[in-house]
2 protein chains.
Amino acid sequence: MAEPANRPDLAAMIVPLGRSLMAAEQPILAAHDLTMWGYVVLSHLRGTPTRTQAALADAIGADRTRIIGVLDELQQRGLIRREPDPTDRRVRLLSLTAAGRRLRDTASAAIQRNEERLLAALPPADRRALLRSLRTLAALPRDRIVGTA
Amino acid sequence: MAEPANRPDLAAMIVPLGRSLMAAEQPILAAHDLTMWGYVVLSHLRGTPTRTQAALADAIGADRTRIIGVLDELQQRGLIRREPDPTDRRVRLLSLTAAGRRLRDTASAAIQRNEERLLAALPPADRRALLRSLRTLAALPRDRIVGTA
DNA sequence: TATTGTTATACTCTATAACTATA
DNA sequence: TATAGTTATAGAGTATAACAATA
């Protein structure tokens, strides 16, 4: 058993790659006055307006307490709306403003322009398969990956 | 300009996926009494015995000061050798012991067994293309990805 | 003087606990 | 009493600065 390792661990390839991609985003985000979490929030709200801050935190894999300062700033800058739900005044309805959407789309375009530079290293068919596969894996629920520890 | 975003950012897919994969490794590593950095060190030394601790730290993307405790423990447990270079007694020659190699291979097999579960979600051709592509991207030097910020 | 490794310290990021308000 | 949000605090992980040994 235990044949010789003929491929690196998935994690060993993906984690450092992720770190590099994050580092590559940093100057782009800074140019748009966005923190990484700020950008993540905008990106998530762009697809799916969210009913509670807790649900948002959960969806983006952050702690509830961590996103509060982020939301404060995004709201102050008029990039998101954060209105008490008339039905239940404890919850804050979260959505993007037009300005928020514009900013996030501009930043995203710049980020993807940079990413295209890397993807150019791949044959077109592999490139497509990579993106398709990553979408599939990224869509898996976290505990499907982690296993019921 | 700025056509509607038709794909998620690479980073947005890869980073959370990496976090989940790391979380999935955790219990497996714990079962072998390994920390993540410990495992990373063993894995790197397995492929390439390294001449200085600084070079090792650099190769695995860690700080010089961070790996010292890790090396201490691995050495104490007889998993690595760490001998002063007779040529230059400042440097420590680092390599795996037989026990170190065995342990890392066993852990790696368990990790990859778990990863196979996920890869099974992909069509075989995509799966191959994904691994091939990740290898290519992971082999890129970091500053090729980050750009000369 | 420059470099390897080490130790001690400070900083950042993240999670935990305690509090307020609504229900 | 339970839940959403917030604030204050503590903890983990990481990097920075100062030091000792060797070249």
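Throughout, a chain's letter reflects where its sequence line sits, starting with A, and its residues are numbered from 1. Nothing here was measured: the structure is a model prediction, and the numbers come from that model.
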Using nucleotides 20-23 of chain D, report all nitrogen or oxygen pairs with the protein that are shorter than 3.5 Å.
from: D/dA23; atom 1: OP1; to: B/Arg89; atom 2: N; distance (Å): 2.9

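Open room surrounds CZ on A/Arg144; 12 or fewer heavy atoms of other groups in view lie less than 6.0 Å from it. B/Arg64 CZ: 12 or fewer foreign heavy atoms inside a 6.0 Å radius.
For B/Ala121, the side-chain contact (heavy atoms from CB on, under 4.5 Å) test picks out no residue, with sequence neighbours left out. Partners of A/Ile68 according to the side-chain contact (heavy atoms from CB on, under 4.5 Å) rule, which considers only residues two or more places apart in sequence or in another chain, are A/Gln53, A/Asp72, A/Arg82. Remark: A/Ala99 pairs with A/Leu79, A/Thr97, A/Arg102 by the side-chain contact (heavy atoms from CB on, under 4.5 Å) rule, at least two apart or across chains. Here B/Asp63 pairs with B/Thr65, B/Arg66 under the side-chain contact (heavy atoms from CB on, under 4.5 Å) rule; sequence neighbours left out.
Atom CE in A/Met22 sits about 13 Å away from atom C1' in D/dT14, given to the nearest Å.
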Scan the side chains in residues 9-23 of chain B for donor-acceptor partners under 3.5 Å anywhere in the protein, sequence neighbours excluded, and list what turns up.
from: B/Asp9; atom 1: OD1; to: A/Ser108; atom 2: OG; distance (Å): 3.3
from: B/Asp9; atom 1: OD1; to: A/Gln112; atom 2: NE2; distance (Å): 2.8
from: B/Asp9; atom 1: OD2; to: A/Tyr39; atom 2: OH; distance (Å): 2.4
from: B/Ser20; atom 1: OG; to: B/Pro16; atom 2: O; distance (Å): 3.3

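Contacts between residues 31-39 of chain B and DNA chain D, defined by a heavy-atom separation below 4.0 Å, involve B/Trp37, listed by number. Within residues 60-68 of chain A, the residues approached by DNA chain C to less than 4.0 Å at the level of any non-hydrogen atom are A/Asp63, A/Thr65, A/Arg66, in residue-number order.
Sequence neighbours left out, the pairs with a member in residues 89-101 of chain B that pass salt bridge (charged side-chain N to carboxylate O under 4.0 Å, His left out) are B/Asp88-B/Arg90. Annotation: salt bridge (charged side-chain N to carboxylate O under 4.0 Å, His left out) contacts involving residues 119-139 of chain A, sequence neighbours excluded, comprise A/Glu116-A/Arg127, A/Asp126-B/Arg132, A/Arg132-B/Asp126.
Here the shortest heavy-atom pairing between A/Ala107 and A/Ile28 reads O-CG2, 4.2 Å. Nearest heavy atoms, B/Ile67 versus B/Leu56: CD1-CD2, 4.1 Å. Taking both residues in full, the closest heavy atoms of B/Asp33 and B/Arg77 are given as O-NH1, 2.6 Å, listed atom of the first, atom of the second, then distance. Minimum interatomic distance between A/Leu119 and B/Arg7 (heavy atoms only, all atoms of both residues): CD1-NH2, 3.9 Å. The two residues A/Leu74 and A/Gly38 come nearest to each other via the heavy atoms CD1-O, 3.9 Å. Taking all atoms of both residues into account, the shortest heavy-atom contact from A/Ala55 to A/Thr50 is CB-CG2, 3.8 Å.
For DNA chain C, the span of nucleotides reached by chain B at under 4.0 Å from its heavy atoms goes, 5' to 3', from C/dA2 to C/dT7.
When the local axes at the two ends of the helix from C/dT1-D/dA23 to C/dA23-D/dT1 are compared, using 5 base pairs at each end, they differ in direction by 10° after rounding to 10°.
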